[in-house]
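Single-structure report; data block below.
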Amino acid sequence: MPNTVIVTREEPIAVVQINRPEVRNALNDEVMSELVAATRRLDDDEAIRCIVITGDEKAFCAGADIKEEFVKATPVSMLAHDLTSQWEALRHIRTPLVAAVSGYALGGGCELAMICDVIVASETARFGQPEINLGIIPGAGGTQRLTRAVGKYVANEIILTGRFVSAAEAKAIGLAAQVYPAATWLEDAKALARTIAEKPPVAARLATEAVDLAWNSTLDAGLEFERKAFYLLFATEDKKEGVDAFVNKRKAVFKGK
Ligand code: CAA
């Protein structure tokens, strides 16, 4: 089996690292299948409450493997490939996903970061959708998610020029939540994941689902979902624990029940 994705469990978090440094962690079939398999396994594991997706210092991911995937590709081969189902599988992971980006997050790499719930960046990070330089456009959600994240005019400028966006700019335009020093970015991202992992998991899942709906539905439908999810959480043991811990001035310990 290829080992293009390395999973490290550090309960209650796990780190899923793309491992093709020789091609700046470009995505081929193996990486996509392993990413889906690894995140699905972790999603089913109650001991894991937040997943960090990352690459290495030089690159989070430089996008689709242009040499392996695109040189001979035709519309028919692309259709047969059914990449969509793999991206959709990642989208439906319920455990909060943190993208920890150092170096390049380009094309499918930027799209992979954007499929996560939170993006954090090393100060070395460079985001971009440079597909235009290949005669194509983003094909894994870039035109939709980038536009929803940063707005039409900035998204068009980034997509039409193919330029790279620095970590500081990514934070300024709402693409990255935090920028960490180059020396500590991964530790800082893991600390963030541990903070998320300490929270009640059922509430965390419903919160990210509700936030996604803000992108994907009307205000009325989103508010309706939020209200029902809010009421539903009053039936959980973790709500009793959180409220009791507040009232009795102690730290809450959440069980995901
Ligand atoms: N696919 C295949 N190989 C890639 C790659 C990619 N996306 N990105 C980098 N590599 C390879 C290079 O070809 C090079 O291989 P060799 O050593 O065999 O020459 C190796 O990785 C190192 O790359 P560089 O020498 O270019 O390293 P760099 O640090 O100077 O530059 C880079 C890095 C800016 C990422 C540059 O390699 C680059 O521009 N890569 C392409 C980025 C890109 O266009 N991504 C979009 C792909 S299309 C897509 O993703 C569609 C989609 O929506 C899913």
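We count ligands from 1, going down the list as the structure has it; atoms in each ligand are counted the same way. Everything numeric here is computed off the predicted structure, so don't read it as measured data. Below, each value reflects all heavy atoms present in this structure, side chains not excepted, and no hydrogens, waters or symmetry copies.
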Item to check | Protein heavy-atom partner closest to atom 48 (S) of ligand 1 - residue, atom, separation in Å | outcome: Phe70 CE1, 3.5 Å
Item to check | Any N/O pair Pro138/ligand 1 closer than 3.5 Å | outcome: no
Next on the checklist: Protein heavy atoms near atom 52 (C) of ligand 1, is at least one of them under 4.0 angstrom away?
Outcome noted: yes
Next on the checklist: Could you check whether atom 6 (C) of ligand 1 has a protein contact, counting only heavy atoms that fall below 4.0 angstrom?
Outcome noted: yes
Item to check | Residue selection (non-hydrogen contact nearest atom 41 (C) of ligand 1) among Asp65, Ile66, Asn25, Ile136 | outcome: Ile66
Checklist entry - For Gly139, is at least one N or O under 3.5 Å away from an N or O on ligand 1? => result yes
Checklist entry - Considering only heavy atoms, which of Glu22, Glu111, Lys67 lies nearest to atom 19 (O) of ligand 1? => result Lys67
Checklist entry - Of all heavy-atom pairs between Ala113 and Ile119, which one has the smallest distance, and what is that distance? => result O-CG1, 3.4 Å
Next on the checklist: Test salt bridge (charged side-chain N to carboxylate O under 4.0 Å, His left out) on Asp238 and Lys199; report intermediate values, then the result.
Outcome noted: CA-CA 9 Å; Asp238 282 347; Lys199 306 299 179 199; over 6 Å; no
Checklist entry - What part of Ala64 sits under 4.0 Å from ligand 1 if we count only heavy atoms: the side chain, the backbone, both or neither? => result both
Next on the checklist: Suppose I only count heavy atoms of Gly107 and a 4.0 Å limit; which atoms of ligand 1 are within that range?
Outcome noted: 46 (C), 50 (O)
Item to check | ligand 1 to Arg24 polar contact by distance, N or O atoms, under 3.5 Å | outcome: yes
Checklist entry - Is the closest heavy atom of Gly142 to ligand 1 under 4.0 Å? => result no
Checklist entry - From atom 44 (O) of ligand 1, is the closest protein heavy-atom distance below 4.0 Å? => result yes
Item to check | Under 3.5 Å side-chain donor-acceptor pair for Asp43 and His92 | outcome: no
Next on the checklist: Check for me whether the distance between the ring centres of Phe164 and Tyr104 falls short of 6.0 Å.
Outcome noted: yes
Checklist entry - What residue and atom, counting heavy atoms only, is the protein's closest point to atom 10 (N) of ligand 1, and at what distance? => result Val23 O, 3.7 Å
Item to check | Residue Gly63 vicinity, atoms of ligand 1 by number, heavy atom under 4.0 Å | outcome: 50 (O)
Item to check | atom 21 (O) of ligand 1 protein-contacted, heavy-atom criterion under 4.0 angstrom | outcome: yes
Checklist entry - For the hydrophobic clusters of this structure (ILVMFWY residues joined by side-chain heavy atoms under 4.5 Å, transitively), does one cluster hold both Ile13 and Leu42? => result no
Next on the checklist: Using side-chain heavy atoms (C-beta onward) and a distance below 4.5 Å, is Val98 in contact with Leu192?
Outcome noted: yes
Checklist entry - In terms of side-chain heavy atoms, does Ser166 have a donor or acceptor partner in Arg126 at a distance below 3.5 Å? => result no
Checklist entry - What about Ile115 and Ile158, same hydrophobic cluster or not, with Ile/Leu/Val/Met/Phe/Trp/Tyr joined at side-chain heavy-atom distances under 4.5 Å? => result yes
Checklist entry - Which one holds for Leu134 and ligand 1: side chain close, backbone close, both close, or neither close, with close meaning a heavy atom under 4.0 Å? => result side chain
Checklist entry - Tell me, which protein residue and heavy-atom name are nearest atom 42 (C) of ligand 1, and how many Å apart are they? => result Ala62 O, 3.5 Å
Checklist entry - Between Glu34 and Arg41, is a salt bridge (charged side-chain N to carboxylate O under 4.0 Å, His left out) present by the stated rule, with each step listed? => result CA-CA 10 Å; Glu34 287 190 39; Arg41 257 195 319 274; over 6 Å; no
Item to check | Atom indices of ligand 1, in the order listed, that fall short of 4.0 Å to a heavy atom of Ala140 | outcome: 53 (O)
Item to check | Distance from atom 38 (C) of ligand 1 to nearest protein heavy atom, with residue and atom | outcome: Leu106 CD1, 4.6 Å
Item to check | atom 33 (C) of ligand 1 - nearest protein heavy atom and its distance | outcome: Tyr104 CE1, 3.6 Å
Item to check | salt bridge (Lys or Arg N to Asp or Glu O under 4.0 Å) partners for Lys228, two or more places apart | outcome: Glu224
Checklist entry - Can a donor-acceptor pair be found between the side chains of Asn216 and Asp212 at a distance below 3.5 Å? => result no
Next on the checklist: With heavy-atom distances below 4.0 Å as the criterion, list the atoms of ligand 1 near Glu131.
Outcome noted: 48 (S), 49 (C), 50 (O), 51 (C), 52 (C), 53 (O)
Next on the checklist: Looking at ligand 1, would Glu69 count as a contact under a 4.0 Å heavy-atom criterion?
Outcome noted: no
Checklist entry - When hydrophobic residues are tied together by side-chain contacts of less than 4.5 Å, even through go-betweens, does Val101 share a cluster with Leu186? => result no
Item to check | Single-linkage hydrophobic cluster, 4.5 Å side-chain cutoff, Leu90 and Leu106 together | outcome: no
